[in-house]
Amino acid sequence: MNAGRSRNPRSRRSGVVAAVAGAVVLTTLTAPPAQAAPTGLVVSNVVVNNGKPIVVGTKEEKEPPVTFQVSLPPGLSTSEPFAYTAKPFLYRGAKLPKIPDNDSLRMGMYTCYPVNDWNERCEGTLFIDPPYDLESNGDATTWKVGLTLRLWKPDGRLKAEEYKKAPGSVQLKRWGKATVNASPEPVKKGKKLTVTGKLTRADWVKHTYTGVAGSAKLQFRKKGSSAYTTVKTVKSNSAGALKTTVTASVDGYWRWTHNGSSTTGPATSTADFIDVR
């Protein structure tokens with residue numbers, strides 16, 4: 001196991017990381033042109049979050065898994081644990097950022113395992129802190145994959161580095177929520193039951209959840225059953241409010257479920273039990 005690669009910090013808020021990040025930026029700005037030479041490292045098969053969208057709330061840190069493979073250039077062996085670093089990162093926009101550490105979503109801790117003398121299989125996590133990393137709701141979009149590749153001298157100084165694009169992308173989405181309330185409780189059989197609720201999603205600017213217009217399915221599960229059935233589909237207003245009426249027939253549970261969109265994750269409310277008498 002090449003545990004040497006696990007030395008990479010994950011949080012940009014710690015003093016140690018700030019010092020490391022500052023050193024990296026300084027090295028990038030002051031290094032002679034020769035250090036921009038290709039490293040010879042080849043990174044392939046980058047898979048972020050198991051190929052699924054990353055859904056992020058307003059405060060909770062997220063650590064989506066990342067796996068990738070590294071092929072070493074001639075003269076470099078997997079037996080040299082501190083000879084290189086290879087880290088995928090996510091960026092948005094048409095151009096690769098000049099300083100990815102400042103304009104991207106970066107890797108946290110990761111570890112590489114030798115497959116043979118020239119290849120390693122690596123696994124780790126991204127680290128996303130919403131209040132710090134996501135400054136705009138426009139960040140809910142498709143992010144591309146970039147690579148930070150570095151070779152190190154035996155004394156720990158930088159030998160070569162390069163930033164490259166990699167195949168693949170990942171969708172970043174705002175976390176969605178749904179609520180439900182059915183009334184009156186209890187209700188007489190055959191009478192009207194009013195079901196309300198609200199759809200909200202993470203607002204990365206206000207750092208709270210705000211209403212969103214969209215379609216939601218009203219679903220019902222009969223008492224004693226384990227399966228929900230869709231009764232109707234309702235559109236929320238611009239504030240996210242949902243409201244409809246149904247006819248009460250038997251005891252059971254009501255809920256709203258939202259499939260999400262290209263920018264918003266899916267949401268399902270908790271169930272509201274209604275006693276029909």
Side-chain angles (χ1 to χ4, degrees), residues 48-65 125-126 128-131 134 136-142 170-277:
V48 180
N49 203 38
N50 300 312
K52 300 177 182 179
I54 302 172
V55 185
V56 184
T58 59
K59 298 179 182 179
E60 301 83 3
E61 298 171 350
K62 297 283 287 189
E63 297 185 77
T125 61
L126 287 173
I128 305 174
D129 185 358
L134 305 175
S136 166
N137 290 322
D139 287 335
T141 186
T142 299
V170 62
Q171 187 75 22
L172 197 67
K173 295 188 177 185
R174 299 157 67 178
W175 193 279
K177 291 183 178 182
T179 61
V180 66
N181 182 62
S183 63
E185 301 181 55
V187 63
K188 292 184 178 180
K189 184 176 181 179
K191 295 294 183 179
K192 292 294 183 180
L193 186 68
T194 299
V195 185
T196 60
K198 190 172 184 178
L199 296 179
T200 59
R201 62 179 174 180
D203 188 315
W204 294 330
V205 176
K206 299 179 180 178
H207 307 298
T208 188
Y209 285 81
T210 55
V212 57
S215 296
K217 296 177 182 178
L218 178 64
Q219 297 184 326
F220 177 73
R221 176 168 66 87
K222 183 179 178 181
K223 182 180 179 181
S225 171
S226 60
Y228 277 93
T229 58
T230 298
V231 177
K232 61 173 67 176
T233 300
V234 177
K235 290 186 177 181
S236 66
N237 62 19
S238 59
L242 294 161
K243 185 176 181 179
T244 191
T245 58
V246 293
T247 301
S249 58
V250 295
D251 294 352
Y253 301 83
W254 295 90
R255 73 179 186 183
W256 292 105
T257 181
H258 174 56
N259 290 335
S261 66
S262 61
T263 60
T264 306
T268 299
S269 70
T270 57
D272 190 7
F273 178 78
I274 295 296
D275 180 17
V276 179
R277 299 179 178 179

Test item: Leu172 and Pro53 side chains (from C-beta on) under 4.5 Å apart, heavy atoms
no
Reported NZ-to-OG1 distance for the pair Lys217 and Thr229, which is rounded to 0.5 angstrom:
11.5 Å
Student check: side-chain heavy atoms of Val48 and Ile54 closer than 4.5 Å
yes
Non-hydrogen side-chain atoms of Val180 and Thr196 separated by less than 4.5 Å
no
So CZ of Phe220 and OG of Ser249: to nearest 0.5 Å the spacing works out to 5.5 Å
Please determine whether the number of non-hydrogen atoms from other residues, nucleotides or ligands lying under 6.0 Å from atom NZ of Lys173 exceeds 12.
yes
Is Asp272 close to Asn181 at the side-chain level, that is, under 4.5 Å between some pair of heavy atoms?
yes
Correct closest heavy-atom pair for Gly190 and Thr247 would be O-CG2, 3.7 Å
I'd like to check Pro65 versus Asn50 (side-chain heavy atoms, cut-off strictly below 4.5 Å). Are they in contact?
yes
Nearest-0.5 Å distance, NZ of residue Lys177 to NE2 of residue His258
14.5 Å
Residue pairs passing the side-chain hydrogen bond (donor to acceptor under 3.5 Å, both in side chains) test with at least one member in residues 231-245, sequence neighbours excluded, are Lys232-Thr244
Please report the interatomic distance CG(Leu126) to CD(Glu63), rounded to the nearest 0.5 Å.
9.5 Å
Please examine the side chains of Val170 and Thr142, heavy atoms only from C-beta on, and report whether any two atoms are closer than 4.5 Å.
no
Just by distance, with hydrogens left out, do Gln219 and Thr257 show a side-chain donor and acceptor under 3.5 Å apart?
no
Separation between CG (Asn259) and OG (Ser215), nearest 0.5 Å, reads 9.0 Å
Side chains of Lys198 and Leu242 in contact at under 4.5 Å (non-hydrogen atoms)
no
Taking only residues two or more places apart in sequence, or in another chain, which ones meet Lys191 in a side-chain contact (heavy atoms from CB on, under 4.5 Å)?
Val187, Lys188
Between atom CG of Leu134 and atom CG of Asp139, what is the distance when rounded to the nearest 0.5 Å?
5.0 Å
Ignoring hydrogens and geometry beyond distance, is a side-chain donor-acceptor pair present between Thr263 and Arg201 at under 3.5 Å?
yes
Which residues satisfy the side-chain contact (heavy atoms from CB on, under 4.5 Å) test with Ala202, sequence neighbours excluded?
Thr58, Arg174, Trp175, Trp204, Tyr209
Measuring only between side-chain heavy atoms, which start at C-beta, is Trp254 closer than 4.5 Å to Leu193?
yes
